[in-house]
Colleague: 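Got a structure here, written out as C-alpha cells. Questions coming.
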Amino acid sequence: MRLSRYFLPVLKENPAEAQIASHRLMLRAGMIKQEAAGIYAWLPLGFKVLRRLEQIVHEEQQRAGHIPLLMPTLQSADLWRESGRYDAYGPEMLRFKDRHDREMLYGPTNEEMITDIFRAHVSSYKELPLTLYHIQWKFRDEVRPRFGVMRGREFLMKDGYNFDLTREDALHAYNRHMVSYLRTYERMGLTAIPMRADSGPIGGENTHEFLVLANTGESEVFYDAAVAELKLGDRQVDYDNREEVADICKEFTSVYARTDETHDEALFDQIPEERRRVGRGIEVGQIFYFGTKYSAAMGATVTAPDGTKVPVEMGSHGIGVSRLVGALIEANHDDKGIIWPEGVTPFHVGIVNLKQGDAATDTACEAIYGALRAAGFDPLYDDRDERAGAKFATMDLIGLPWRITVGPRGLAKNLVELTSRRTGESEEMTAEAAIARIAEIYAGV
RNA sequence: CGGAGCGUAGCGCAGCCUGGUAGCGCACCUGCUUCGGGAGCAGGGGGUCGGAGGUUCGAAUCCUCUCGCUCCGACCA
C-alpha cells in the first residue's frame, strides 16, 4: 500500500478522553473512531489488525478440529426464556421489540442459540463429538464502558461450543481448547496465562481465564513467576490424543496462577518467595465446562449406544478478539507508539522515502516496494511529500516492526537502512539484502 | 446506578465568574524557502459556541429543561 493513497488519519495530539496507552494509541494511529459510548468504527489500519487476529483464531480453531459457522447478532427472547437466562441476565442485555412487538435482544453470547441449532439437527451419539464456533459481534450494555476497545459495549468475540456424549469427552474438549488457546495467543506474540477462574453467569464447575499481564488490567492476579516462562513453542500437538493434550494442560495449570476471585493465600505462600508475583492482567479469553446446564434445560439430547436419550455434555469457550487489539498494544508499546509483534502487524514492513521527488530515491523505493509485493509481503510505502521527521514519527506511531529507510545519502553507497521498531537498532545493507532479511524474519511467523 | 466533571473549527484548548461583533496552537488550502526525527515565513478558508425554552435592548457567558461524552466507585469478555 502506498501511504499517499491509504486512509490513515493519525493524530499528533492526544485525544482528551483516552486514559490508557492502548486507547490513546489506537486513536492516534487512526485505527478506531468512537461513534458512541463503547462503540467504535474500525478504520482501515485497525480493521487490518482485527482481521489478522480473526485469521489466527480461525486457523488455530480449525487446527484443533473445530468447525466454523455464523450465528446472527440478533436473537429472539424466547430462546433465552427456555434457559431461564432472559430474566437472569439483567440490564447488561440490550433488549428491544421489532415492528410486530416481538421481544428481541442483541446477543451477549450464544449458548442458547447453538443449543437450539444442535437439538434441531443432531439426535445420535454417532454424530459426536462436535465443536462449533463463530466469530461474531456481541453487545453487552456495560454500565460504564471505558478503555477504548478493551471494555467496549460492542465487541468481536470468538465463541465456541462443544457437544459430547460423556463427561470425559467434554473434559477432553475443555483441554483441547486450552491448548489451542495457548497456541493462538503465542502466535500473536502474547503471553496469556491460564488462571483458575469463577464461572459467573455462564455457570459450570470447570473454568479458566487467560490473562495477559499488564498493569492496566482489570483483574488482580497472583502467580508463580515460573508460569510466565512456559511456552508451547513449535511442538506439534495431536489434538485427538487425550493424554498428550491433558499433559500439556497439566504443565500449564500445575503452577500457581489465579485471579483475585479464586486466589488462595495459603497455597500462594508455598511458592518460593522470590518467585511470588502479584500484578494485574487483562482477560483475553475464558473456557468453561458446564455439563448439561443448557442441554437439559433446552432439551438437547442424543440417543446413547444403549438406546436411552441423554442430554449432551457441553462447554463454551471465548476469545475477546477486539479486546485483544487493545491488550496487544498494552503489552507492546513505548512512548513513541505501538510496536506490533510480527504475527499480527498490519503491514510487514514500512518503506520510508526520505526525499520524495528525487529520481534516484523514488526509483529505489519503487523497486523495493515492488520486490516485496512480488515476494508476497504487504509493505506500507510512505510516498508522501513529507519531511523525514514526519515520516519517521508516523512509522513509529503505527508500530510496523520493520522499516526500510531509503535516502540519497545511503544510495550513494548503494545502501539502505533496515531498522527494528522494537530495539531501534539500524543496519545498513543493500536493498536486496534488506528484502532477504525481511523474508527471513517472516519465514517463521 | 451513586459521586464529580466536560460539550466553543477536524484535534487540543482559552473566553463564561463580571452579558456587548468568537479567539489561540496543531491540522487544512496557496505561495516562497527548507528537506535524515512531527520545518520557517507570508497569505487564506473553516464555528447556528451540543439542543430547546427563558431572562435581557443584547446570551458562548445568567436561569430551566434536555441530549451526549468523560472520570472515580459498584459491575464486567
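Below, read A as the first sequence line, B as the second, and so on, with proteins coming before strands; counting in each chain starts at 1.
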Colleague: Can you say whether a donor on the side chain of A:Arg403 sits under 3.5 Å from an acceptor on the base of B:rG37, or the other way round?
Modeller: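 Yes.
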Colleague: I'd like to check A:Asp224 versus A:Arg277 (side-chain heavy atoms, cut-off strictly below 4.5 Å). Are they in contact?
Modeller: no
Colleague: Counting distance alone, no hydrogens or angles: does the base of B:rC75 have a donor or acceptor under 3.5 Å from a partner atom on the side chain of A:Arg151?
Modeller: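 Per atom types, the contact qualifies.
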Colleague: In whole Å, I'd like the distance from the CZ atom of A:Arg144 to the P atom of B:rC75.
Modeller: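 Going from CZ in A:Arg144 over to P in B:rC75 covers 13 Å.
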Colleague: Please state the C1' separation for the pair B:rC63 and B:rU55 - nearest whole angstrom.
Modeller: 7 Å
Colleague: Rounded to whole Å, how long is the line connecting atom CZ of A:Phe392 with atom C1' of B:rG38?
Modeller: 12 Å
Colleague: Could you state the atom-to-atom distance from CD of A:Gln34 to P of B:rC71 in whole Å?
Modeller: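 Distance check: A:Gln34 CD to B:rC71 P gives 9 Å.
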Colleague: What parts of residues 335-343 of chain A reach RNA chain B, counting only heavy atoms under 4.0 Å away?
Modeller: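 Correct list: empty, so none.
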Colleague: With rounding to whole Å, what would you report as the distance between B:rC72 and B:rG31 at their P atoms?
Modeller: 47 Å
Colleague: Expressed in whole Å, how much space separates the C1' atoms belonging to B:rG38 and B:rG5?
Modeller: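 Straight-line distance between the two C1' atoms is 32 Å.
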Colleague: For A:Asp260 and B:rC76, give me the distance from atom CG to atom C1', rounded to whole Å.
Modeller: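 In whole Å, B:rC76 C1' and A:Asp260 CG are 12 Å from each other.
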Colleague: Could you state the CG-P distance from A:Asp385 to B:rA39, rounded to the nearest angstrom?
Modeller: 13 Å
Colleague: Under 4.0 Å: is that the gap between some side-chain N or O of A:Lys12 and OP1 or OP2 of B:rA27?
Modeller: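 Answer is yes, contact under 4.0 Å.
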Colleague: Between atom CG in A:Leu25 and atom P in B:rC11, what is the gap in whole Å?
Modeller: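 Rounded to the whole Å, the gap is 19 Å.
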Colleague: Between B:rG53 and B:rU61, how far apart are the P atoms? Round to whole Å, please.
Modeller: 14 Å
Colleague: Could you let me know what B:rG12 is paired to, Watson-Crick or G-U wobble, both distances under 3.5 Å, or none if it's on its own?
Modeller: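 Here B:rG12 is engaged in a pair, and the nucleotide opposite it is B:rC24.
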Colleague: P atom, B:rG44 versus B:rG25: distance in rounded Å?
Modeller: 14 Å
Colleague: Rounding to an integer number of Å, can you tell me how far A:Arg384 CZ sits from B:rC35 C1'?
Modeller: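 Nearest whole value for this atom pair: 14 Å.
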Colleague: Taking ring pair (Phe, Tyr, Trp, His ring centres under 6.0 Å) as the criterion, tell me which of A:Tyr381, A:Tyr6, A:Trp340, A:Phe377 meets it with A:Phe347.
Modeller: A:Tyr6
Colleague: Which value, in whole Å, describes the distance between the P atoms of nucleotides B:rC11 and B:rC28?
Modeller: 15 Å
Colleague: Could you give the distance separating B:rG15 and B:rG23 at their P atoms, to the nearest angstrom?
Modeller: 16 Å
Colleague: Suppose we call a contact any N or O donor and acceptor under 3.5 Å apart; does that hold for the side chain of A:Arg146 and the base of B:rU70?
Modeller: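 Check fails, no donor-acceptor contact within cut-off.
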Colleague: Kindly check if the number of other-residue, nucleotide or ligand heavy atoms within 6.0 Å of CZ (A:Arg373) is above 12?
Modeller: no
